[in-house]
Amino acid sequence: MRSFYRGRRLRSSKALRDMVRETRLGREDLIQPYFVVESDPDFRKPIASMPGQFQLGLSQLMAEVGEAVHAGLQSLILFGIPVQKDPAGSQAYADAGIVQRAIRQIKGRWPELIVVADTCLCEYTSHGHCGLVSPVGEVQNDPTLELLARTAVAQAQAGADIIAPSDMMDGRVAAIRQALDGAGFLNTPIMSYAVKYASAFYGPFRDAAESAPKFGDRKTYQMDPGNGREGLREAAADVAEGADILMVKPGLPYLDIIRQVRDRFDLPVAAYQVSGEYSQIKAAAMNGWIDETAVAMESLLALKRAGADLILSYFTNDLLKAGHL
Ligand code: PBG
């Protein structure tokens, strides 16, 4: 009899395969993004480049979140679309800004739901950049920090459970931590978009959030896709500044970065399966070329296997409602 490794022994039945599975996906791992529109509570518009996702007014959002909570949703992240944009993005930190109002309503109705607030200015600035812009068109780092800190405090005051800065200004985690602590929010964690690339995979999101830059691009603040080691420096900086969770974004094209961040740091790691990743799967599935659910589940599992503890994904609600989580 020949002797060789019989890997098939542990694959012979579903029960056995389930028993030896190394990586599992659960509802507690996933965070569903929502786009909330200020203009009209009953606003509801499908996002053309993200089939199945909508821009929602406040009452529509409450109805959608209600259904999702019923299906088992544990956590969501909010992006706001204000009526008025200005150069300083003032609706991001206004007490009555749309995200602050949405957080208050959601937490009022579902106190146990974990509400993450994306902390950035790009949806609120008239120029679409994530920070203040100088007269010559440069995105200014240090003057932006105070506005991000104000935004984080406004979100925490509204009841946000986690503050998630996505702007990629240097020093923003320290600025936000200091402001949160100063306002008494010592226990509000920061999930920093620590390793965020200047990615073409964000294309559909910018339609959804109406946040595309009016001039230039985000390459002076978001990272070059060719750089892995630099991502570790970004992560180390955010750890030193007080981040509680480190995010890598996008997800699937950056599995190597997720793995390295997981191995190098002991904080929880989050991965963002971004809009372009979602839209690719949707488009291929709508053409009948791939099985949407199977590919979505496999992609999410891959993110976890690479080392992500948490995943932000537009598939969350669909998978919950279909009983896959
Ligand atoms: C805001 C922000 C972006 C995303 C999350 N927060 C867009 C960007 O940086 O241009 C992208 C999310 C996605 O593509 O799903 N700064």
Side-chain angles (χ1 to χ4, degrees), residues 30-36 47-55 76-82 85 89 91-92 98-99 116-125 127-133 139 141 144 147-148 151-152 155 160 162-170 172-173 176 190-225 234 245 247-254 270-283 296 299-300 303 308 310-317:
L30 293 168
I31 303 172
Q32 170 74 40
Y34 286 96
F35 300 96
V36 55
I47 300 161
S49 53
M50 300 177 72
Q53 305 299 310
F54 297 83
Q55 292 181 331
L76 57 81
I77 182 166
L78 291 171
F79 297 95
I81 302 155
K85 302 193 186 211
Q91 285 303 305
I98 183 59
V99 162
V116 184
D118 181 90
T119 306
C120 194
L121 301 182
C122 64
E123 297 123 49
Y124 307 92
T125 51
H127 44 72
H129 278 290
C130 303
L132 290 169
V133 173
V139 176
N141 195 86
T144 301
L147 302 184
L148 293 166
T151 304
Q155 293 167 335
I162 299 179
I163 299 300
S166 67
D167 53 283
M168 287 299 277
M169 297 301 121
D170 296 326
R172 93 273 206 204
V173 173
I176 288 172
I190 298 175
M191 173 163 71
S192 113
Y193 287 65
V195 191
K196 177 171 175 179
Y197 288 91
S199 173
F201 284 92
Y202 308 151
F205 174 93
R206 291 178 189 170
D207 293 342
E210 300 178 8
S211 65
K214 297 282 183 300
F215 64 90
D217 53 40
R218 303 210 201 286
K219 291 180 183 166
T220 67
Y221 41 108
Q222 298 180 351
M223 285 179 52
D224 186 326
E234 286 286 351
I245 302 172
M247 193 198 300
V248 175
K249 176 182 173 199
L252 213 60
Y254 296 87
Y272 200 140
Q273 182 188 52
V274 302
S275 55
E277 298 177 64
Y278 172 83
S279 301
Q280 286 185 107
I281 294 174
K282 277 278 174 184
S299 303
L300 293 170
L303 293 167
L310 308 172
I311 305 172
L312 297 88
S313 171
Y314 301 96
F315 286 112
T316 302
N317 281 345

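Not measured: the values here are computed from a predicted model. Counting starts at 1 for both ligands and their atoms, following the listed order.
Only the side chain of Phe79 comes within 4.0 Å of ligand 1, judged by heavy-atom distances. Heavy atoms from both the backbone and the side chain of Ser166 come within less than 4.0 Å of ligand 1. Contact annotation: for Cys120 versus ligand 1, heavy atoms closer than 4.0 Å belong to the side chain alone. Neither the backbone nor the side chain of Asp167 comes within 4.0 Å of ligand 1, counting heavy atoms alone.
Put simply, part of Lys249 is less than 4.0 Å from ligand 1, judged by heavy atoms. Ligand 1 is approached by Gln222 to a heavy-atom distance shorter than 4.0 Å. The closest approach between Gln273 and ligand 1 stays at or above 4.0 Å for every heavy atom of the residue.
Remark: Lys196 fails to qualify as a cation-pi partner of Tyr272 under the 6.0 Å distance and 45° angle criteria applied to the six-membered ring.
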*Let me see the working for Met191 and Ile31 under side-chain contact (heavy atoms from CB on, under 4.5 Å), right down to the final yes or no.*
CA-CA 12 Å; Met191 173 163 71; Ile31 303 172; 4.3 Å; yes

*Are Asp167 and Thr144 close enough, and set up right, to give a side-chain contact (heavy atoms from CB on, under 4.5 Å), and what steps lead you there?*
CA-CA 10 Å; Asp167 53 283; Thr144 301; 5.7 Å; no

*Carefully, step by step, assess Leu252 and Gln280 under the rule side-chain contact (heavy atoms from CB on, under 4.5 Å).*
CA-CA 12 Å; Leu252 213 60; Gln280 286 185 107; over 6 Å; no

*Given Val99 and Val36, is the side-chain contact (heavy atoms from CB on, under 4.5 Å) satisfied, shown in steps?*
CA-CA 7 Å; Val99 162; Val36 55; 4.3 Å; yes

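Close approach of ligand 1 to Tyr272 is summarised as follows: ligand atoms under 4.0 Å from at least one heavy atom of the residue are 12 (C), 15 (O). Counting the atoms of ligand 1 from 1 in the order shown, those under 4.0 Å from a heavy atom of Cys122 are 1 (C), 16 (N). Remark: ligand 1 atoms within the under-4.0 Å shell around heavy atoms of Asp118 are 6 (N). Which parts of ligand 1 touch Arg218 is read off a 4.0 Å heavy-atom cut-off, strictly below it: atoms 8 (C), 9 (O), 10 (O). Those atoms of ligand 1 that come under 4.0 Å of a heavy atom in Tyr314, given as number and element, are 12 (C), 13 (C), 15 (O).
Here CE of Met247 is found 4.5 Å from CG of Leu312. Values are rounded to the nearest 0.5 Å.
Polar contact check, Glu123 against ligand 1: no nitrogen or oxygen pair lies under 3.5 Å apart. No N or O atom of Ser211 sits closer than 3.5 Å to an N or O atom of ligand 1.
Sorted by first then second residue, the side chain to side chain donor-acceptor pair (under 3.5 Å) pairs that include residues 209-220, not counting sequence neighbours, are Gln55-Glu210, Arg218-Tyr221.
For the 3.5 Å distance criterion, the side chains of Thr119 and Gln155 qualify, holding a donor opposite an acceptor. Using modelled atom types, one finds no donor on one side chain facing an acceptor on the other under 3.5 Å when comparing Tyr202 with Gln222.
The protein heavy atom nearest to atom 14 (O) of ligand 1 is Ser275 OG, 2.7 Å. When only non-hydrogen protein atoms are considered, atom 12 (C) of ligand 1 lies nearest to Phe205 CD1, 3.3 Å. Of the protein's non-hydrogen atoms, the one nearest atom 16 (N) of ligand 1 is Lys196 NZ, 3.1 Å.
Between Phe205 and Phe79, the angle of the ring planes goes over 60°, which puts this pair in the perpendicular group of the 30/60° scheme.
Here the closest heavy-atom approach between residue Tyr193 and residue Met168 is recorded as O-SD, 3.4 Å.
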